[in-house]
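As the structure is a prediction and not an experimental result, all values here were calculated from the model.
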Amino acid sequence: MESRDNNYYDVRAQNVKLEDITSSAHNAEILRGLRDGETTWAVKCLSISEEFDDEEEEDEEDEEEQKGFVIREGDDCGWLGYFIGRNKQIRILDLSCLPEEGDEIDAFMEGLCRNQSIERLQYRRNDIGFSSLSPFIVNNGNLKDLRLFHVDMTILVARSLAEALIQREHKSLTAFCLSGNNLSNEALEEISAALTGYPHLEKFGVSENNLIGRDGCESLGTIIRSSALYLKDVSLCRNDFDDEDLQTLATALTNAITLQRLSLSSNRSITAAGLRALSRLFSSASACPLETLHIEDMNIGDEGAEALVDGLRGNTTLKHLVLTPDSAGITSTGWAAFSRLLCNTSSINNTYRSNHTLEHIGDNYCYMSNPDGSGKFLSGGAYYGEYLRGIPPAVVQYLKINKENYAAKIKIGRCHPDIPVEAFFEYKLKFLPLLVSWYGGFGTRERSNCQNATTREFQRRELSAVYKFIRGMPMLAVDGQMRLKNNGCGRKRKFDE
């Protein structure tokens, strides 16, 4: 490849025939959009990948739908890098393939490093020097999201990444993820020291790195604590953590006052002892507002289930407990503990104190993130379908109720048809309108979740409760009537008389 500088591209940019520097009309169209500053999805979310295998030629229509640039023989990556560098519309770049020749890599990277509009970079390479990407990380002030997949993170590469992060003038990163990087404790320590300068991280992930030990967990804890005021999403799956590792991490996670989602999936060495450390996150004393916990592909057994149940008593934030029922090792004993957590039927007070927040237990549940950092949870089916596959009906019924308003009220109406009113005699007649109002507050939706949920049945329950209350306080009613007769005139009485 001939030597070219930026001036070479500037002079020829408007007149170059795009068909001569690309391998397909599809790639030429993408270059045209980059050159002309179009705001199409193909430009704003640009994917660069390698050519499909011969046996996958039937997927070319999928390539068209994804609007990705597919590198083949005939594509001039120097021009691709140049147009990316001068484009102001790109927001996301998914870079999973680079040219094989070193000169073309250098030309592509030189152009890429001039870009100032990319906000998220997903880098999926493990066989080229990472240092060529450092200028982009340093100079792009708009970069908010950096994800490195299968980049072999040796100590030298980690140090190069850390130096780039430190040299950035704008500490604007809000998301940082590493996956499949062969991270050592030393490499992670280098990166964590650099990330402490980014207190506004909202999403952080380190996964598929089995070389992380106890010291590495301390480094992860350092990152979590430094971002505790903003961190919403932490993914630590498939790292082969054990109980002591989780106990170290839980100490740091407790301080994450904005944390909404935590993934520990496929850390198969974690047992009930480690899960009990999470009770600090669930307790009312913790400021952590965790809503979703992923522990898929982990054999937690009945002891692990009971450890989670113990931690979730009194919790009012966790809605989604994502696990794999087929491999979780939970028997009827563990599921019975979850059932008691959701609805303890031993008394009305215990039913009221049950967990009314947890809405989902099971798998087939995923979090779909949007380019702007927001996201939503998607399930694969209805409550009695795949959505709660493998979950006993006794648990499912309470999870369904927890999605409704007034879940505690519905559970009491379902499990305690006849309220023992004797306990409320001390309130005298003040309690009577409250009793009537409580039954009257059952709308059609609330009644549909209770047994014998007909209007007539609820009228019967209401009249029965009022009757038992009046019958239990005959002297109070008689005393009031005698006062009317003796005084010869009536007056309004206070409820506490």
Please give me the minimum heavy-atom distance between [X] and [Y], naming the atom from each residue.
X	Y	value
Leu264	Met298	O-SD, 3.2 Å
Ile48	Leu93	CD1-CD1, 3.9 Å
Phe69	Asn27	CE1-CB, 3.5 Å
Pro325	Ile391	CG-CD1, 3.8 Å
Ser172	Asn142	OG-C, 4.5 Å
Asn87	Asn115	O-ND2, 3.2 Å

Between Asn209 (side chain) and Leu211 (backbone), is there a donor-acceptor pair under 3.5 Å?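 The answer is no, because no donor-acceptor pair under 3.5 Å joins these two groups.
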Between Ser354 and Arg313, does the side-chain hydrogen bond (donor to acceptor under 3.5 Å, both in side chains) criterion hold? Intermediate values first, please. CA-CA 7 Å; Ser354 299; Arg313 287 196 178 94; over 6 Å; no
Verify whether one side chain among [X] and [Y] offers a donor that lies under 3.5 Å from an acceptor in the other.
X	Y	value
Asp297	Ser266	yes
Asp243	Thr271	yes
Tyr82	Asp10	yes
Thr222	Ser192	no
Arg147	Ser179	no
Lys411	Asn402	yes
Asp75	Ser23	yes
Ser207	Ser235	no

Please determine whether a side-chain nitrogen of the Lys or Arg among [X] and [Y] lies less than 4.0 Å from a carboxylate oxygen of the Asp or Glu.
X	Y	answer
Glu163	Arg168	no
Glu190	Arg159	yes
Glu244	Arg214	yes
Glu110	Arg114	yes

Measuring from atom [atom1] of [X] to atom [atom2] of [Y], what distance do you get when rounded to the nearest 0.5 angstrom?
X	Y	atom1	atom2	result
Leu290	Thr317	CG	OG1	6.0 Å
Glu291	Lys232	CD	NZ	10.5 Å
Ile212	Asp245	CD1	CG	9.0 Å
Leu231	Ile224	CG	CD1	6.5 Å
Leu165	Ile191	CG	CD1	8.0 Å

Go through the steps to decide whether Val234 and Leu249 satisfy the test side-chain contact (heavy atoms from CB on, under 4.5 Å), and finish with yes or no. CA-CA 11 Å; Val234 174; Leu249 293 168; over 6 Å; no
Val157 vs Leu161 side-chain heavy atoms within contact, under 4.5 Å: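 Sidechains of Leu161 and Val157: no contact.
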Pairing residues for Phe136 by the ring-ring contact (aromatic ring centres under 6.0 Å, His included) criterion, not counting sequence neighbours: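 Here no residue qualifies.
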Do Gln122 and Phe149 pass the side-chain contact (heavy atoms from CB on, under 4.5 Å) test, and can you show the C-alpha distance, the side-chain angles, and the key distance before you say yes or no? CA-CA 7 Å; Gln122 298 181 169; Phe149 302 100; 4.2 Å; yes
side-chain contact (heavy atoms from CB on, under 4.5 Å) involving Lys88 - partner list, sequence neighbours excluded: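 Here no residue qualifies.
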Take atom [atom1] of [X] as the centre, draw a 6.0 Å sphere, and report whether it contains more than 12 heavy atoms from other residues, nucleotides or ligands.
X	atom1	value
Lys144	NZ	yes
Glu189	CD	no
Glu303	CD	no

Which word best sums up how the rings of His200 and Tyr230 line up, parallel for under 30°, tilted for 30 to 60°, or perpendicular for over 60°?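 The arrangement is tilted - the two ring planes meet at 30° to 60°.
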Quick one, Glu296 with Arg238, criterion salt bridge (charged side-chain N to carboxylate O under 4.0 Å, His left out). Give me CA distance, side-chain angles, the key distance, then yes/no. CA-CA 10 Å; Glu296 297 111 315; Arg238 298 186 295 278; over 6 Å; no
